[in-house]
Amino acid sequence: MNVPVGFLAKLWSFVSFLPFFVLLLLLGSAKALLIGPVVAAIVFLGDSAVIAGLWPAHFVWTYCCVLATKRIGPVLKILAVVFLPLPLLLLPVLGIVGSLLAGIGYGVFTPLMATFEAVGEGVADKLSHCFLDGTASTIRGACMVVRDVTDFCFHSYFSFMDELSEKMGDDEAPIDIKLSYLPRSFLAALVAVPLDVLMITGVALWKSPCMLLKGWQRLCEDLVGREGPFLETVCVPFAGLAIILWPLAVVAGVIASFLSSFFFGLHAGLVAYQEASFQMGLSYMISAVALYDEYTNDLLYLREGSCFPRPKYRKAGSAKYETGRDKDEHNVTAASAEKQHQGQRKHRRVLHRSKTFMETIQRLRPIQIWDWLFRSCEINGRILLSEGLISSEDIEEFITKGKGKKLSIKLPAWCILHCLIRSAKHDTHGLLISDDVEVTNFNWPKDKVFDWMLGPLLVLKEPMKKLELTEDEELCLQKLIMTNANEKPSDWDDCGFPSSDGVKRAQLQAIIRRLQGIVANMSRIPSFRRRFMSLARALYLEAIDAGTIDGSRKVERKVKADIASEKLQSGDVGDTKGSSNGTSVDVDMV
């Protein structure tokens, strides 16, 4: 696009932009007024019914699991039983209030943003999309929110509790606390919470005018010069919207600072317990304020450092609270970043830069990696079905009962393992999800949950390089991960694995178990279950049509009815824009 040059050109650009923006803002606001209350009611009533309805079961089952588990020592178990009622009583209240706020925010801002997105590049028939986008799709999104909350409350929660109730391994010890450390810990938290809340909130309020003015200045400069977030044509209408909504962002920042200050104060109690020192807890209390002040200075391009002191809150050599696994993950990630920064790897295409404002937002989320995983499960699922490693009973059990580790755990674990094997063969520093797309810690989605996943995968890739698997071993691994227990090397004695090296077998089994644990944690993310259920239904009908399996008539009718209901809810008419909003990565997933 042509960037205006000169004062008159920039002035004319601004004057011609103003009525265009006002019309879009009025239209988006009208849609938000019409759709917002409906969406807020759906999210609030649906989530509240689920949370309140399952709360008695959650309350009773939490106590049952805490009392029955062997993973918690006696002292910690007694304290948990005494103090559990408080969080269990607060959680439904917070959940219901959060549902109301989330419903209002989603119902208001989604239609408003969709109206501006409709005038972006690559969207045909912009006029109709301006009126239709963000209407029916927002209502469908609200229904999906309720479904995901239901999955989390009904499935993810009980999965967490089941894991807590599992038997411990021979090399595991129960988690317990020392009673003698508790008084200083509680006292440190009691002192730190009010002081940190007061100081951090004060710093946030003091710097909020600076954040407001600097934000407006930067947004106006980018608007006039078409730089920064407004470089692309589609982002120009968002300039005025961003300027108008910037005070809300400042208010949200202050509120977030206020809420986070409680956790800073509570963490001071944890530090006092870990260091067995009340003084160290107070030192962390002061350091937390200094860290926050330094972070806000960097964010607002103010002076370097902090005006608050930053005393040490860890004793010399006190690195025992950083686990060996965390150190390995940090070292591997740092080494990978350094090598990539020095240009010691082949040039590969990273994930494409998004072409629209909404896609730019989604690029920073794990949606593309999420799409890759499910696409990989779809393709590998067809292969495993054709080879008989997945049966109709496995899919039917997952569809009807929501259970079945072979489908929901082992299949994704095999997809990730295959990605690790290919990355190890090509000697990449990241995860190679296609011949020319490598995901590293630089282009990995900036999401904390996915950061926890990238580190372990990079760690697992390093031993995969040293194992140097042959093609026969790879083919055998596909069968072993889907059918065997993989608990000890002797489990592979009669499986036909080409290598008889016991150490190699043990390493592969450890990697498989680790991957299955990672996938088990991923399966608790609400959207995982919804998308994997749709994937299982599609695989089931495809296999029946192809004659690969003989499915149950009853289950087949249920699957067809569910798919028809999903298609009706997806609404192929109205505000769909085809590929203009697509965020999938065009890669070879197998």
Check your understanding: Is the number of heavy atoms from other residues, nucleotides or ligands within 6.0 Å of CH2 (Trp61) greater than 12?
Key -> no
**Study point:** Where Cys377 and Leu535 come nearest, the two heavy atoms and their spacing
**Key:** CB-CD2, 3.5 Å
Check your understanding: Between the side chains of Tyr292 and Ser257, does any donor sit under 3.5 Å from an acceptor?
Key -> yes
Exercise for review: Answer whether the closest heavy-atom distance between the side chains of Leu112 and Leu25 falls below 4.5 Å.
Suggested key: yes
Review point. Between the side chains of Tyr157 and Thr62, does any donor sit under 3.5 Å from an acceptor?
Key: yes
Practice item. Just say parallel, tilted or perpendicular for the rings of Phe398 and Phe532, cut-offs at 30° and 60°. Key: perpendicular
Exercise for review: Scan side-chain atoms only and decide if Thr135 and Lys31 contain a donor-acceptor pair under the 3.5 Å cut-off.
Suggested key: no
Review point. Does a donor on one side chain sit under 3.5 Å from an acceptor on the other, for Asp394 and Ser391?
Key: yes
Exercise for review: Give the intermediate values and the outcome of side chain to side chain contact (heavy atoms under 4.5 Å, CB included) for residues Met533 and Arg530.
Suggested key: CA-CA 5 Å; Met533 182 64 75; Arg530 168 169 50 83; 6.0 Å; no
Practice item. Check Val39 against Gly103 and note the closest heavy-atom contact, atom names and distance. Key: CG1-O, 4.0 Å
Exercise for review: Output the distance between atom NE2 (His155) and atom CZ (Arg529), rounded to the nearest 0.5 Å.
Suggested key: 3.5 Å
**Study point:** Distance under 6.0 Å and angle within 45° of ring axis: Arg524 vs Phe160
**Key:** yes
